[in-house]
Number of protein chains: 2
Amino acid sequence: MTMENGSNYTASKYRTPDGAPADIVIFTITSEPQPTATKSLPKRELQVLLIKRKVWPYEGMWALPGGFSRETESMYETARRELQEETGVDGVHMEYFNVYSGPGRDPRGWIISHAFFALVHEKYLAARAAADDAAEVALFPVSEALTRLELAFDHRRILSDALERVKQSMLVTPIAGEFLPDEFTLGELYQVIRTVVPDFEEANFIRKMKSTQSRSGVLEEIRDVNGEPKKSNRYSQRAAQLYRFTGNLPKLSLYS
Amino acid sequence: MTMENGSNYTASKYRTPDGAPADIVIFTITSEPQPTATKSLPKRELQVLLIKRKVWPYEGMWALPGGFSRETESMYETARRELQEETGVDGVHMEYFNVYSGPGRDPRGWIISHAFFALVHEKYLAARAAADDAAEVALFPVSEALTRLELAFDHRRILSDALERVKQSMLVTPIAGEFLPDEFTLGELYQVIRTVVPDFEEANFIRKMKSTQSRSGVLEEIRDVNGEPKKSNRYSQRAAQLYRFTGNLPKLSLYS
DNA sequence: ATAATAGTGTCTTTTAGACAGTATATT
DNA sequence: AATATACTGTCTAAAAGACACTATTAT
C-alpha cells in the first residue's frame with residue numbers, strides 16, 4: 001500500500017471492497033443469407049456473447065465476460081484486457097456505461113462491478129467461434145438472453161441496461177458503423193439500425209439520407225478513382241450507392 | 001466478509017481496492033439582477049460547489065464533495081448521502097457519469113472514484129451559504145474553477161468531464177428545467193441554455209418553440225383557472241407566456 | 001420618450017411525408 | 001417473366017430562417 005506519508009490517515013480501519021471487476025456486454029449483429037430467388041439483404045440479429053461459468057458462484061450458468069481490476073490498471077484497461085483474454089477481441093468500440101454496487105449482488109463479498117459494452121463486427125468473432133469450445137463461449141440472440149436464459153449475478157439487469165444504452169446511442173451517434181463494413185449501402189444501414197431499434201421506421205429512409213444536404217454531413221457518398229459514384233450490387237440486382245461515415249456529427253437538440 | 005461457502009474461492013489472496021468513493025460535481029446557476037433602467041433578465045452564471053480539504057492529502061486545496069462508499073449501500077446511495085451530509089442538499093437531479101480509476105490518482109492507495117453530477121437550483125443553496133463557513137464550502141464559476149484553481153486529486157479532469165456531459169445533456173434532455181422554476185418564460189429558458197452552452201444560438205428561439213406543434217410536446221403553455229394564458233412580467237415590461245416541461249421527450253435522431 | 005423584453009408579418013427556401021412509378025440485373 | 005432491391009416524380013404540407021416590424025409597460 002502507498003502509505004509512506006506523515007499523516008494520520010487510517011483508511012485501513014474501514015471496510016474496503018473485496019474487488020472491482022469490469023464486465024463487458026459484447027454485442028454483435030450476425031447476418032445470414034436469405035434463401036430467396038434472387039439476391040437479397042441477409043437476415044440480421046442482435047446477439048450477445050456469454051461465457052459459461054466454471055467456478056463458484058453461479059457455476060455452470062451463463063454470465064457476461066469480465067474480471068477483476070488490478071491496482072496497476074484503470075478500469076478501462078481492465079475491460080480491454082478481459083475482452084482480449086476471454087474472447088480474443090481487440091481494438092473494437094467499447095464504452096463504459098454504469099456501475100453496479102448494490103449490497104449483496106455478489107456472494108463473494110463486496111464487489112463493485114463496472115459495466116462496459118462493446119460493439120463488434122461479426123467478422124471479428126468468426127475466428128473465435130472456431131477456436132473456442134462452443135459449450136463455454138457462445139452467442140445468444142439478445143431477446144433470448146433476456147427472456148429465456150437465467151444469467152449469473154445481476155447480469156440480466158446489466159444486459160438490459162446495456163441494450164437500452166445502445167438503442168439510444170444507435171440513433172444519436174454513428175455507432176451503427178461498428179456493425180457495418182467501411183463502405184455500405186443505405187439499405188444495409190437501415191437494416192442495421194432496425195435490428196437494434198425495431199420501432200425505427202422511416203418510409204423514405206433512403207431518400208431522406210440522400211437529400212437534406214447529405215444528412216448534415218454524417219454520411220458521404222463514395223467515389224472511385226475517376227470520381228464516379230462507387231456502387232455495390234452485393235445485396236441487390238440494381239447496384240446501390242456506397243456510403244461511409246464522415247465522423248461529422250451534427251448537434252441534435254430539442255430546441256433547434 | 002461474506003465467505004461462508006464451500007468453494008475454494010480465494011479473492012482475498014489478491015490485492016483489493018483501498019476504497020470506492022463517490023464524488024459529486026454540484027452545478028448551479030446563480031442569477032444576479034442587472035442594474036438597468038427597467039426590468040431585465042438577470043445575469044446568470046454556471047457555478048460549481050467545492051469544499052476545502054481539511055486533511056491530508058491535498059490539505060487546504062479545493063476539491064469536489066464526496067466520500068467513501070459503505071458495504072451496506074449502493075454507489076448511488078453513497079452519493080446521495082454525501083450530497084446531503086456535506087452540502088445539505090437533497091432530492092435534486094443527480095446522475096452517475098464516469099469512473100476514475102487510473103493508478104496513482106490518489107496517494108492514499110488504490111482508490112476507485114465514482115463521479116456524479118448534480119443539478120441544483122440556486123434556491124436550495126441559499127440556506128447552505130448562510131449556514132456554512134464560506135471558507136470551507138464555496139461556489140466558483142466553472143470557468144474559473146477550471147482555469148484559475150488548482151483542484152485536489154484529478155478533480156479538474158472530473159469537473160471538465162462533468163461539464164462536457166451536462167452541455168451535451170442540456171440540448172438533448174429537459175435538464176434545463178433543473179435550473180428554472182416550475183413555470184418559466186421562453187426568454188429564461190433560452191438564457192439558461194446559453195449559460196451552459198454559450199455557442200447555442202437560435203435567432204428565432206421563441207418563435208420556433210411556439211410553433212412546430214409546441215416543439216413536439218416538450219413544453220406546454222400554462223393556463224390559469226379560467227383557461228386564460230398565464231403570463232409573467234417578472235423580467236420584462238410586456239408580460240411573457242409561462243411554460244412548463246411536460247416530461248414528453250421526442251426521440252432525436254441523426255437519421256430522421 | 002426610453003428601455004428591455006416579447007412577440008408578429010412576410011417572404012423565400014428547405015424539408016417532410018406520402019405514394020405511385022421506374023430502373024436494374026439475376027434467376 | 002418474376003423477383004428484390006434501388007431509386008425517381010410529383011405533389012402537398014410543414015418547418016426553417018432571415019429580418020423588419022409592432023406590443024407592452026415601468027421608469
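For clarity, every value in this text was computed on a predicted model and none was experimentally measured. Here is the naming used below: chain letters follow the sequence lines, and residue numbers restart at 1 for every chain.
D/dA15 atom C1' lies 14 Å from atom CE of B/Met209, rounded to whole Å. Whole-Å rounding puts the B/Arg234 CZ to C/dT5 P distance at 14 Å. Protein atom CZ of B/Phe205 is 14 Å distant from nucleotide atom P of D/dG17, rounded to whole Å. Between the CD atom of B/Gln191 and the C1' atom of C/dA4 there is a distance of 13 Å, given to the nearest Å.
We find that B/Glu228 and B/Arg223 are not joined by a salt bridge, their nearest charged nitrogen and carboxylate oxygen being 4.0 Å or further apart. Look at B/Glu188 and B/Arg44 and you find a salt bridge, because one of the NZ, NE, NH1 or NH2 atoms lies within 4.0 Å of a carboxylate O, short of that distance. Of the charged side-chain nitrogens involved, at least one lies within less than 4.0 Å of a carboxylate oxygen, so that A/Arg244 and A/Glu220 count as a salt-bridged pair.
In plain terms, the two heavy atoms of B/Gly66 and B/Glu82 that are nearest each other are O-OE1, 3.4 Å.
A side chain to side chain donor-acceptor pair (under 3.5 Å) check over residues 162-177 of chain A, counting only residues at least two apart or in different chains, returns nothing.
Around the OH atom of B/Tyr124, the shell of radius 6.0 Å holds no more than 12 heavy atoms that belong to other residues, nucleotides or ligands. Other residues, nucleotides and ligands contribute at most 12 non-hydrogen atoms within 6.0 Å of the CG atom of B/Asp182.
Here the OG-NZ distance, from A/Ser256 to B/Lys208, works out to 5.5 Å after rounding to the nearest 0.5 Å.
End-to-end axis angle of the helix from C/dA1-D/dT27 to C/dT27-D/dA1, using five pairs per end and rounding to 10°, comes to 10°.
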(request) Encode nucleotides 1-10 of chain D as B, S and - characters from 5' to 3', where the letter depends on protein heavy atoms closer than 4.0 Å: B to the base, S only to sugar-phosphate, - to neither. (result) --BBBBSBBB
